[in-house]
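Written below as structure tokens is the structure these notes are about.
Scope of the values below: all heavy atoms of this structure, side chains included, with no hydrogens, waters or symmetry mates.
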Amino acid sequence: MLKGNQTTLRPVTADDVPALAEFFAVPQVAEWWPGENEERLRAALEDDDGVGLVIELDGRMIGYMQYFEETDPDYRHATVDITLHPDFCNRGLGTDALRTLCRHLFDDLGHHRITLDPSAGNARAIASYRKVGFRDVGIMRRYERANDGNWRDSLLMDLLAEELVSPPPSSPPPS
């Protein structure tokens with residue numbers, strides 16, 4: 001379990017799959033995560049390629065993250081994906097969750113670089129990633145198929161360990 005300033009990240013379990021399938025069916029989530037369903041989620045639990053994490057706020061599931069690791073020492077890095085329920089967007093929660101996972105990948109797992117690849121049209125996600133310190137690398141043309149069957153571009157972004165932006169200091173309580 002990883003604790004951020006606001007969010008908690010914990011590994012996905014089989015008990016989470018039905019709720020996650022409902023989560024991925026929310027139109028604002030499905031727009032950016034096409035094709036995610038209960039079958040794929042269950043298969044991912046049995047797959048050793050990546051690690052799925054539930055994002056929680058006060059014990060309530062508000063999102064999902066996953067990461068994949070390249071373990072070859074000459075290319076060692078991690079790749080991250082994240083999504084939040086629309087009711088919890090624009091509150092800094094995704095930024096907090098992403099920053100928490102990045103710190104874990106750098107400090108605990110020894111990665112020096114993290115990548116992610118949001119749809120080039122997902123401005124809100126891209127702005128959040130930049131707050132953590134991610135930088136644009138370039139456009140990957142016709143990278144993923146959208147729900148309408150058309151190909152869409154994605155933005156490759158990366159973050160080096162020394163570029164991770166710390167959260168702003170919290171304000172003291174009013175006196």
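- With contacts defined as side-chain heavy-atom distances shorter than 4.5 Å, the pair Leu116/Leu98 qualifies.
- The closest donor-acceptor contact from the side chain of His77 to the backbone of Tyr75 lies under 3.5 Å.
- Taking CG of Leu160 as the start and CD of Glu163 as the end, the distance is 4.0 Å to the nearest 0.5 Å.
- Nearest approach of Arg99 to Ser166, heavy atoms of both residues: NE-C, 3.8 Å.
- In this model, no donor atom of one side chain and acceptor atom of the other lie less than 3.5 Å apart for Asp96 and Gln6.
- The side-chain hydrogen bond (donor to acceptor under 3.5 Å, both in side chains) pairs that include a residue from residues 24-35 number zero, where partners must be two or more places apart or lie in different chains.
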Stepwise side chain to side chain contact (heavy atoms under 4.5 Å, CB included) check, Leu53 with Gln66: CA-CA 6 Å; Leu53 301 167; Gln66 62 186 10; over 6 Å; no
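- Under 4.0 Å is where a charged nitrogen must lie from a carboxylate oxygen, and between Arg141 and Asp153 no such pair does.
- Closest non-hydrogen pair, Arg142 versus Trp151, comes out as O-CE3, 3.5 Å.
- Qualifying salt bridge (Lys or Arg N to Asp or Glu O under 4.0 Å) partners for Asp16, counting only residues two or more places apart in sequence or in other chains: Arg10.
- Shortest non-hydrogen contact noted between Phe68 and Gly50 is CD2-CA, 3.4 Å.
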Residues Ser119, Ser154; criterion side chain to side chain donor-acceptor pair (under 3.5 Å); working and verdict: CA-CA 4 Å; Ser119 171; Ser154 286; 5.3 Å; no
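- Heavy-atom minimum distance, Gly94 versus Leu84: N-CD1, 3.3 Å.
- Tyr67 and Glu69 share no donor-acceptor pair across their side chains, judged by distance under 3.5 Å alone.
- For the side-chain contact (heavy atoms from CB on, under 4.5 Å) test, residues two or more places apart in sequence or in another chain that qualify with Ala21 are Glu38, Leu41.
- Remark: Asp136 engages Arg130 in a salt bridge, criterion side-chain N to carboxylate O under 4.0 Å.
- Here the CD1-CG distance, from Ile139 to Asp117, works out to 11.0 Å after rounding to the nearest 0.5 Å.
- Pro118 and Met157 get closest at one heavy-atom pair: CG-SD, 4.0 Å.
- In terms of modelled atom types and a separation under 3.5 Å, the side chain of His85 and the main chain of Asp87 share a donor-acceptor contact.
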